[in-house]
2 protein chains.
Amino acid sequence: MIRQSTEIRKEQIKSAVLDIIFTDGLKNLSTRNLAKRIGMSEGAIFRHFTSKQEIILAIIKDVKKEFIGSLRLIANSKDTAERRLKSLLCATVKYLTDNKGITMLLFSEATSNNDAVLKASLQEIFNTQKKLVSKIILDGIASCQWDENIPVENIAMLYMGIPVSLNIELVLSYGEFHPDNFCSQMMMLMLKLLNK
Amino acid sequence: MIRQSTEIRKEQIKSAVLDIIFTDGLKNLSTRNLAKRIGMSEGAIFRHFTSKQEIILAIIKDVKKEFIGSLRLIANSKDTAERRLKSLLCATVKYLTDNKGITMLLFSEATSNNDAVLKASLQEIFNTQKKLVSKIILDGIASCQWDENIPVENIAMLYMGIPVSLNIELVLSYGEFHPDNFCSQMMMLMLKLLNK
DNA sequence: TATCTTTGCAAGCAAATACTTACTTATATG
DNA sequence: CATATAAGTAAGTATTTGCTTGCAAAGATA
């Protein structure tokens with residue numbers, strides 16, 4: 001195989017990991033299989049990552065930076081609470097459908113391994129989303145748009161169920177599920193909960 | 001080890017599987033580990049189940065019979081729609097918190113393996129719940145208690161997010177999360193969505 | 001009691017796993 | 001050009017995996 005820089009190879013390896021997880025499941029994610037999919041030798045993988053676990057952690061780091069980072073921008077923007085909440089929801093739905101392998105990796109890894117570092121990372125990803133939603137809801141209440149008596153924490157938790165159950169649907173239905181205006185429809189439900 | 005009937009041993013084996021998954025994660029669920037936890041030889045396991053996969057499938061069959069069966073009873077009872085929905089929700093929450101290993105098994109197995117039989121089983125468990133919820137909502141609309149314009153399918157999907165995100169919370173928080181009146185609180189949100 | 005089925009075990013099997021080693025070759029830099 | 005470094009490979013390593021084998025003995029049935 002032709003020579004490439006570590007940067008390029010690292011991206012290729014991470015991308016192949018997600019591809020394998022989505023098409024063949026986590027059980028088939030062996031370093032041998034991974035090498036085969038990229039078209040390189042198994043040993044070459046270990047030139048760029050010291051262990052298989054390190055690849056997984058690198059992917060989770062990416063998720064934190066790209067996905068959670070973009071959600072944070074949306075939540076902290078100057079827009080109205082309603083528009084921010086819809087942006088947040090739609091961005092999440094889009095990310096999950098575009099990167100199906102990632103959420104499968106996150107959930108599987110959380111339960112299959114019992115690694116503390118990994119679990120802490122996942123908890124951070126989960127909790128940050130919940131906090132951003134809570135913040136937007138509180139903003140909406142403060143600007144007198146939404147009902148001040150609503151249980152913010154509970155709605156944030158219910159909100160978290162949206163991306164999660166969407167993902168299960170995606171995993172189980174082999175891509176037959178097409179969430180076209182899924183985001184808008186869920187947003188309507190959220191508004192019914194939030195409005196006075 | 002003392003001799004026992006297959007019936008008893010089968011139950012012991014299934015129970016040990018769930019125990020290992022919850023305490024050590026799916027990755028440590030090897031037949032060797034399983035035998036050690038029960039205190040029997042590895043070979044003895046294969047007297048009662050022909051393969052490791054068969055054990056998993058037996059557990060899923062139990063879930064279908066016990067859990068889904070009880071939900072079906074609730075959904076089809078003579079009670080009001082509101083009371084049935086609350087019973088359904090609370091029964092689900094209770095089952096998930098009482099049998100933490102089971103849901104971890106279901107999610108992990110759905111994503112780690114790519115077995116068609118398994119996925120079909122999981123899809124059935126997921127879809128049956130959704131259908132029961134839809135049925136109750138339609139009953140509530142028919143008896144003029146709930147808004148006839150609500151999108152039933154979407155609410156059923158949002159409902160499904162409740163047990164799922166509860167479970168993630170349970171997995172990630174090492175049992176620190178205590179869903180005391182979680183069921184009642186979520187039910188209040190559902191009612192706000194359903195009422196006129 | 002005699003026999004047959006069922007349940008148990010220790011040892012061993014081939015295959016797969018994550019990772020290493022010893023060595024080659026491409027590329028950048030003095 | 002010479003040389004150091006980085007990226008590649010084939011062929012190993014030890015360990016773990018799911019499962020089998022050959023044989024012993026407990027329990028049921030005659």
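The figures here come from the full heavy-atom set of this structure, side chains too, leaving out hydrogens, waters and symmetry mates. Order of the sequence lines sets the chain letters (A, B, ...), proteins ahead of strands, with each chain counted from 1. Just so we're clear, the structure is a prediction, and the values are computed from it rather than from any experiment.
Think of the region where chain A sits on DNA chain D: with heavy atoms and a 4.0 Å cut, that region ends 5' and 3' at dA6(D) to dT9(D).
Judged by distance alone, the side chain of T128(A) and the main-chain N or O of I125(A) form no donor-acceptor pair under 3.5 Å. Under the 3.5 Å distance criterion, the side-chain polar atoms of K14(B) are left unmatched by any main-chain donor or acceptor of I59(B). In this structure, the side chain of K52(A) engages the main chain of L29(A) through a donor-acceptor pair within 3.5 Å.
The separation between M1(B) atom CE and dA10(C) atom P is 12 Å, rounded to whole Å.
To the nearest 0.5 angstrom, I102(A) atom CD1 is 7.5 Å from D62(A) atom CG.
By the 6.0 Å contact criterion, NZ on K64(A) is enclosed, its count of non-hydrogen atoms from other residues, nucleotides or ligands being greater than 12. Summarising the local packing, CE of M1(B) is surrounded by more than 12 heavy atoms from other residues, nucleotides or ligands at distances under 6.0 Å.
Each salt bridge (Lys or Arg N to Asp or Glu O under 4.0 Å) pair with one or both residues in residues 15-30 of chain B, not counting sequence neighbours, appears once here: E109(A)-K27(B), D19(B)-R37(B), D24(B)-R37(B).
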Which protein N or O atoms sit under 3.5 Å from an N or O of nucleotides 25-30 of chain C?
from, atom 1, to, atom 2, distance (Å)
dA26(C), N3, R3(A), NH1, 3.1

Do any side-chain atoms of residues 144-159 of chain A form donor-acceptor pairs under 3.5 angstrom with protein atoms, and if so which ones, sequence neighbours left out?
from, atom 1, to, atom 2, distance (Å)
D147(A), OD1, N149(A), N, 2.9
N154(A), ND2, Q185(B), OE1, 3.3

A correct 5'-to-3' footprint of nucleotides 15-23 of chain C, with B, S and - meaning base, sugar-phosphate only and no protein heavy atom under 4.0 Å, is --BBBB-BB
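D139(A) pairs by the side chain to side chain donor-acceptor pair (under 3.5 Å) definition with R84(A), K135(A), not counting sequence neighbours.
Contact of the L88(A) side chain with the V133(A) side chain is registered, since non-hydrogen atoms from C-beta on lie closer than 4.5 Å.
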